[in-house]
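Here the structure comes first, spelled out in structure tokens, and everything after it is commentary.
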Amino acid sequence: MGEPNDPLYELRRLFGEALGTFLLILVSVGAIVVNIKTHGEVPFTAQAIAPGLAIMAIIYTIGSCSGAHVNPAVTFSYALRRNFPWSRVPGYLLAQLAGGLAAVAFLRFTVGDVGRAVTSTPASGTSGHSAFLIELALTVGLVTVTLGTASGQNNVGPNAAIARGGYMAAAGLWAGPLTGAAMNPARSASAAIMANDWSHLWLYIAGPFCGGAIAVGFAWILRGPPTLTADRSAQGLSADESPESRSQKGST
């Protein structure tokens, strides 16, 4: 993986987060765009399940590099849980946003501009207040699964991809028709920026971050203090690496 003071370590992490977020949003937003362009060739069930399958593949691919957060709410929650250094949070958030913007721009260039259709927006009949609470609840579940499969005896290593991907697919199946089941501020912000539509962005930012904070509280209740195993999972460390050694690699 490199020498302890290798300055490329953090760049590899950030590239991994940008690439992983690009792929995740390419699939999740791409399913919507293609469905619109092909007049219904991508059914709702496929749109809900596709992001879950994508996150499974992404975690297996880049989990050992960056921890495969690919979601600002996950990064924030890991840091709040003390599994991830706060000093690395801004870089991760910027990398995730860059990956999201690249994905939406790529779809706009290759498939076509569908305007505001890909922005995170509550469905007709779903109020902003309700959408906020739904996104909050969905993210409580997502982060609870993420933290739970990374901690102590519950750590299942790369197979945490199955739990996280399965949860995302299940959440999309029931909540997709109401809010889009975004659960990811990078996804929502990227689409809003490209469409220049800020009307509902606040709830898709606030909901996931508040949900993540609540999930961290639940993690303390369920599992107590953070563990070294979870630190390694959050930071993409192997079993023989310590967070301190990787921190040195990332801070040079």
Side-chain angles (χ1 to χ4, degrees), residues 14 17-37 42 44 47-48 50-52 54-55 58 69-77 79 89-143 168 171-172 174-213:
L14 297 177
E17 284 297 304
L19 177 61
T21 308
F22 171 86
L23 295 174
L24 176 60
I25 295 177
L26 184 70
V27 170
S28 58
V29 175
I32 299 171
V33 173
V34 173
N35 184 61
I36 294 171
K37 288 293 184 177
V42 184
F44 165 72
Q47 294 178 47
I55 196 64
I58 290 164
H69 301 190
V70 296
N71 184 332
V74 171
T75 300
F76 167 76
S77 300
V89 169
Y92 265 51
L93 300 191
L94 288 174
Q96 291 155 1
L97 180 60
L101 287 170
V104 177
F106 178 83
L107 289 167
R108 190 172 185 175
F109 178 75
T110 56
V111 183
D113 184 10
V114 293
R116 298 179 177 180
V118 298
T119 58
S120 298
T121 305
S124 177
T126 301
S127 68
H129 175 74
S130 295
F132 167 79
L133 291 176
I134 290 170
E135 285 293 313
L136 181 151
L138 292 175
T139 310
V140 168
L142 176 64
V143 175
M168 287 180 62
W174 82 264
L178 301 176
T179 67
M183 300 177 282
N184 190 330
R187 180 257 185 264
S188 300
S190 299
I193 291 169
M194 294 301 294
N196 193 27
D197 180 4
W198 313 92
S199 55
H200 296 97
L201 181 60
W202 72 269
L203 64 90
Y204 288 94
I205 300 293
F209 279 114
C210 290

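Source: prediction; values computed, not measured.
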Reported [atom1]-to-[atom2] distance for the pair [X] and [Y], which is rounded to 0.5 angstrom:
X	Y	atom1	atom2	answer
Asn184	Leu142	CG	CG	8.5 Å
Ile205	Trp198	CD1	CH2	9.5 Å
Leu97	Glu17	CG	CD	13.0 Å
Leu178	Ser124	CG	OG	11.5 Å
Asn196	Thr119	CG	OG1	11.0 Å
Phe132	Ser127	CZ	OG	11.5 Å

Mark yes or no for whether [X], through its side chain, and [Y], through its backbone, hold a donor-acceptor pair below 3.5 Å.
X	Y	value
Asn71	Ala186	no
Thr21	Gly99	no
Tyr92	His69	no

Report yes if the side chains of [X] and [Y] come closer than 4.5 Å at any heavy-atom pair, otherwise no.
X	Y	value
Tyr204	Pro122	yes
Ser199	Thr121	no
Pro51	Met168	yes
Pro72	Phe209	yes

Closest heavy-atom pair and its distance - [X], [Y]:
X	Y	answer
Gly212	Val143	CA-CG2, 4.0 Å
Ser120	His200	O-CB, 3.9 Å
Ala181	Leu138	CA-CD1, 3.8 Å
Gly20	Val70	C-CG1, 3.5 Å
Leu101	Ser190	N-OG, 3.2 Å
Ala79	Val89	CB-CG2, 3.6 Å

Donor-acceptor list for residues 109-118 side chains, cut-off 3.5 Å, not counting sequence neighbours:
| residue | atom | partner | partner atom | Å |
| --- | --- | --- | --- | --- |
| Thr110 | OG1 | Phe106 | O | 2.8 |
| Asp113 | OD1 | Gly115 | N | 2.8 |
| Asp113 | OD2 | Arg108 | NH2 | 3.2 |

Using residues 23-36 as the side-chain source, report each donor-acceptor pair under 3.5 Å to any protein atom, sequence neighbours left out, with the distance given to one decimal.
| residue | atom | partner | partner atom | Å |
| --- | --- | --- | --- | --- |
| Ser28 | OG | Leu24 | O | 3.1 |
| Asn35 | OD1 | Val42 | N | 3.1 |

